[in-house]
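In what follows, a single structure is set out as structure tokens and then discussed.
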There are 2 protein chains.
Amino acid sequence: MVMRNSDELDPAKRDIMEATYDAITNTGYSDLTIQDIADEFDRSKTLIYYHYDGREELLVDFLDYVMKQFRTMLPDSAESPQEELETLIDTLLPTTVEEEPFQVMLAMFELRVNAPYDTNCRDQYLAVEDELNTLLVDILSRGVENGEFENIDPETEAELFVSLLIGTRARRLTVYDPEESIASLKEAIQYHIERITATSEGNA
Amino acid sequence: MVMRNSDELDPAKRDIMEATYDAITNTGYSDLTIQDIADEFDRSKTLIYYHYDGREELLVDFLDYVMKQFRTMLPDSAESPQEELETLIDTLLPTTVEEEPFQVMLAMFELRVNAPYDTNCRDQYLAVEDELNTLLVDILSRGVENGEFENIDPETEAELFVSLLIGTRARRLTVYDPEESIASLKEAIQYHIERITATSEGNA
DNA sequence: CCATATATACTAACTATTTCGTTAGTACTT
DNA sequence: AAGTACTAACGAAATAGTTAGTATATATGG
């Protein structure tokens, strides 16, 4: 057995995770079978059972894998809080349908349906939303401090943004054709960001 | 065959829809089988096949049924636009876990996962979101006209509210224990409503 | 008005199909 | 020789869907 950083997955498991992504993208989570995953996996179905006791155990790992990828996507701090906020929005609501961010977004959307029935799942979502919230509180506080943002309450405003982002991501996946732009949804957010951005009185 | 208004369902079908609600509440949509529905249904499984060709046909009707109930929930116009807006928020985000509104909310959340793969489903969500949007545009426009709201853009603000509501409903179901209050999520919305509400300058 | 045909709502029991998960084994490494 | 990564083939279980029927109501018609 090769020694491995606990953050790294066994390469076979990693490939199973990738196959699961592909299966979800094609079939959707709601009628996802081990067979569907095996079909996207270039080794045998038995190997999936060799690594995982069953669907449930696999999905625990998969949820973890997805959440890790989501965290990786989150941008590092930028020049100014306002830029940072806009980068975050653009990252979480990509206009173009690039492979990876789209698959992560879809998987996070689909797996969420387990949360009402599965404590582990609920906790995972609670944790990432908390991280997102913390990130937003930080951005917003700094923005208020340096005068870029109006005198908003960062805690409450962050909570608002988290809900808004989750709702917009859901709508982006379900109500528009994947290829169609989500311009009108993003415009609404942009409109809101401008509202909380301090109007620099130097520029008339 | 008894003549029936096209809006009314065959009583047996109605009972199947109710059983489907119960099955989703217990099992979740993602691994919902006809058997699960039959278990919640007090007549035989065969009767489900007598009325529906299969799971897919049943779910088309069920989505319809859920959407109709959602529309029924939407409140009628109230005294003032601001009150109307707050009533709408309270209706869509009930604090108490009453049976019916909760089941409708859960079903709408769970069935949404089909939208990326099913045009009919996507269209249904697009249509209700459009109705919600129209309702909000109407409330907001009247509020701006009569001076209750700040000079916001009703179209954009409505879009913002739709995303915010969908996101908050999702979080309400997935991140909090059903019994736990959603106070902090609703507070954020309340905070936002107050922000767009005109400060009556007569009150100092 | 009675007998018979037809239709509707429903069921138990069965078959077919899919999906799950195991067994018994290979090939390659250490 | 012992362990790891892997597979084809098979058995078990769950799910889907059908068949062949019953009970009851509603005509039809002599």
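Each chain gets a letter, A, B and so on, in the order its sequence line appears, and its residues count up from 1.
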OP1 or OP2 of C:dC10 under 4.0 Å from side-chain N/O of B:Tyr50: no
Pair B:Asn114-B:Tyr29, side chain to side chain donor-acceptor pair (under 3.5 Å): steps then yes or no: CA-CA 10 Å; B:Asn114 283 326; B:Tyr29 173 74; 2.8 Å; yes
If I take atom [atom1] in residue [X] and atom [atom2] in nucleotide [N], what distance separates them, rounded to the nearest angstrom?
X: B:Glu56; N: D:dA16; atom1: CD; atom2: P; answer: 13 Å
X: B:Asp15; N: C:dA9; atom1: CG; atom2: C1'; answer: 13 Å
X: B:Asp10; N: C:dA9; atom1: CG; atom2: C1'; answer: 9 Å
X: B:Arg43; N: C:dT8; atom1: CZ; atom2: P; answer: 17 Å
X: A:Leu47; N: C:dT26; atom1: CG; atom2: C1'; answer: 14 Å
X: A:Lys13; N: D:dC6; atom1: NZ; atom2: P; answer: 12 Å
X: B:Glu57; N: D:dG17; atom1: CD; atom2: P; answer: 11 Å
X: A:Ile16; N: D:dA5; atom1: CD1; atom2: C1'; answer: 11 Å

Lys/Arg N to Asp/Glu carboxylate O, A:Arg195 vs A:Glu150, below 4.0 Å: no
Salt-bridge criterion met for A:Lys45 and A:Asp39 (N-O under 4.0 Å): no
Cationic tip of B:Lys186 above B:Tyr191 ring, under 6.0 Å, 45° of axis: no
Check: B:Leu9 main-chain N/O paired with B:Arg14 side-chain donor or acceptor under 3.5 Å: no
Could I get a table of every N or O pair under 3.5 Å where one atom is in the protein and the other is in nucleotides 20-22 of chain C?
from	atom 1	to	atom 2	distance (Å)
C:dC20	OP2	A:Ile34	N	3.2
C:dG21	OP2	A:Tyr49	OH	3.4
C:dG21	O6	A:Lys45	NZ	3.1

Plane angle bin for B:Phe161 and B:His192 - parallel if under 30°, tilted between 30 and 60°, otherwise perpendicular: tilted
